[in-house]
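Predicted model only: the values in this text are computed from it and were never measured. Positions are given from 1 along the sequence.
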Amino acid sequence: MTGLDLQMAQKVLDSQPFSRLVGARITAFGDGAATLEVDIRPELRQQNGFVHGGVLSYAADNSITFAAGTTLGPAVLTGGFSIQYIRPATGRTLVARATVVHTGRRQAVVRCDLFAAVDDGEDILCAVAQGTVLSART
């Protein structure tokens with residue numbers, strides 16, 4: 001039990017200037033999982049009209065870290081992650097759903113599926129990421 005809840009997680013997210021810049025929000029948090037959403041706006045797209053890969057990477061990194069925080073506690077840092085882009089992201093909202101795969105005493109391994117939510121309500125898988133998150137407790 002970390003003592004964190006969805007409201008506190010959103011406050012932590014809001015304290016990150018870059019998260020405010022992209023307009024990120026946490027829509028689910030707890031029990032080894034976290035979901036981060038970003039509305040897709042023109043300034044988050046690359047030259048071909050797709051969501052920039054850096055925005056997908058940001059969403060994966062942050063959702064992975066928040067999910068791990070539900071099992072390791074609030075003092076966590078990303079140790080590293082990889083992302084595989086499956087298809088270009090277009091639509092109205094980028095959704096990053098992260099789930100803890102394994103938690104040890106000092107680190108967690110987390111998987112994240114990234115979807116583009118389109119207007120008809122369908123979520124289209126556009127990337128998959130996996131990361132290791134480390135406890136920053138001393």
Side-chain angles (χ1 to χ4, degrees):
M1 179 59 105
T2 64
L4 296 176
D5 61 12
L6 180 61
Q7 183 178 5
M8 181 58 73
Q10 186 62 51
K11 285 182 182 180
V12 171
L13 187 71
D14 289 342
S15 74
Q16 301 172 354
F18 189 76
S19 293
R20 287 194 314 272
L21 180 68
V22 299
R25 62 192 174 275
I26 294 184
T27 58
F29 178 82
D31 297 324
T35 300
L36 187 139
E37 296 185 5
V38 176
D39 291 332
I40 297 173
R41 327 185 294 275
E43 58 270 25
L44 300 179
R45 298 176 188 270
Q46 43 88 297
Q47 71 279 5
N48 295 313
F50 306 123
V51 177
H52 192 282
V55 177
L56 278 87
S57 290
Y58 154 79
D61 179 22
N62 241 5
S63 64
I64 284 169
T65 304
F66 273 93
T70 70
T71 62
L72 292 173
V76 292
L77 298 168
T78 302
F81 78 98
S82 64
I83 187 166
Q84 299 298 315
Y85 300 102
I86 296 170
R87 66 179 49 87
T90 61
R92 59 178 167 73
T93 307
L94 177 64
V95 180
R97 294 186 188 119
T99 305
V100 173
V101 175
H102 173 77
T103 298
R105 289 181 343 125
R106 305 272 306 157
Q107 72 178 18
V109 176
V110 185
R111 174 190 166 103
C112 178
D113 294 329
L114 294 108
F115 300 88
V118 295
D119 288 331
D120 67 4
E122 183 181 6
D123 289 345
I124 299 171
L125 184 66
C126 53
V128 176
Q130 179 174 300
T132 302
V133 178
L134 309 172
S135 172
R137 293 179 311 218
T138 55

task: Treating Ile, Leu, Val, Met, Phe, Trp and Tyr as nodes and any side-chain heavy-atom pair under 4.5 angstrom as an edge, say whether V76 and L6 lie in one connected cluster.
output: yes
Hydrophobic cluster membership, I26 vs M8, 4.5 Å side-chain cutoff: yes
- request: Identify which one of K11, Q16, Q10 satisfies the side-chain contact (heavy atoms from CB on, under 4.5 Å) criterion when paired with D14.
  value: Q10
Spacing of H52 atom NE2 and L94 atom CG [to the nearest 0.5 Å]: 13.5 Å
Straight-line distance of F115 CZ to I124 CD1, nearest 0.5 Å: 10.5 Å
message: For a 4.5 angstrom cut-off between non-hydrogen side-chain atoms, does V12 reach P74?
response: no
statement: Between A117 and V95, the two heavy atoms sitting closest are CB-CG2, 4.4 Å
query: Step by step, would you call T90 with I40 a side-chain contact (heavy atoms from CB on, under 4.5 Å)?
result: CA-CA 8 Å; T90 61; I40 297 173; over 6 Å; no
task: Would you mind reporting whether P88 and N48 have side-chain heavy atoms less than 4.5 Å apart?
output: no
query: Is there a path from V38 to Y85 through hydrophobic residues (I, L, V, M, F, W, Y) whose side chains come within less than 4.5 Å of each other?
result: yes
Point-to-point distance, once rounded to the nearest 0.5 Å, from CG of L56 to CD1 of I86: 10.5 Å
statement: In short, A108 meets T103 closest at the heavy-atom pair CB-OG1, 3.8 Å
- request: Taking all non-hydrogen atoms of both residues into account, name the closest pair between A96 and C112 and its distance.
  value: CB-SG, 3.8 Å
query: Is there side-chain contact between L36 and L13, with heavy atoms separated by less than 4.5 Å?
result: yes
task: First locate atom OG1 of T99, then atom CD1 of I64, and finally report the distance between them rounded to the nearest 0.5 Å.
output: 10.0 Å
message: For the CZ atom of R137 and the CZ atom of R106, what is their distance to the nearest 0.5 Å?
response: 6.0 Å
message: To the nearest 0.5 Å, what is the distance between OG1 on T93 and CG on D119?
response: 8.5 Å
- prompt: Counting only heavy atoms not in E43, do more than 12 sit closer than 6.0 Å to its CD atom?
  reply: yes
field: More than 12 heavy atoms from other groups under 6.0 Å of CG on D39
entry: yes
message: Taking the side chain as everything from C-beta on, heavy atoms only, tell me whether F81 gets closer than 4.5 Å to V110.
response: no
message: Please give me the minimum heavy-atom distance between T70 and A67, naming the atom from each residue.
response: OG1-O, 2.6 Å
statement: Looking only at heavy atoms, the pair that brings A9 and F66 closest together is O-CE2, 3.5 Å
- line: Of all heavy-atom pairs linking I83 and L114, the shortest is CD1-CD1, 4.1 Å
- request: Check whether L77 and L4 end up in the same hydrophobic cluster, where Ile, Leu, Val, Met, Phe, Trp and Tyr are linked by side-chain heavy atoms less than 4.5 Å apart.
  value: no
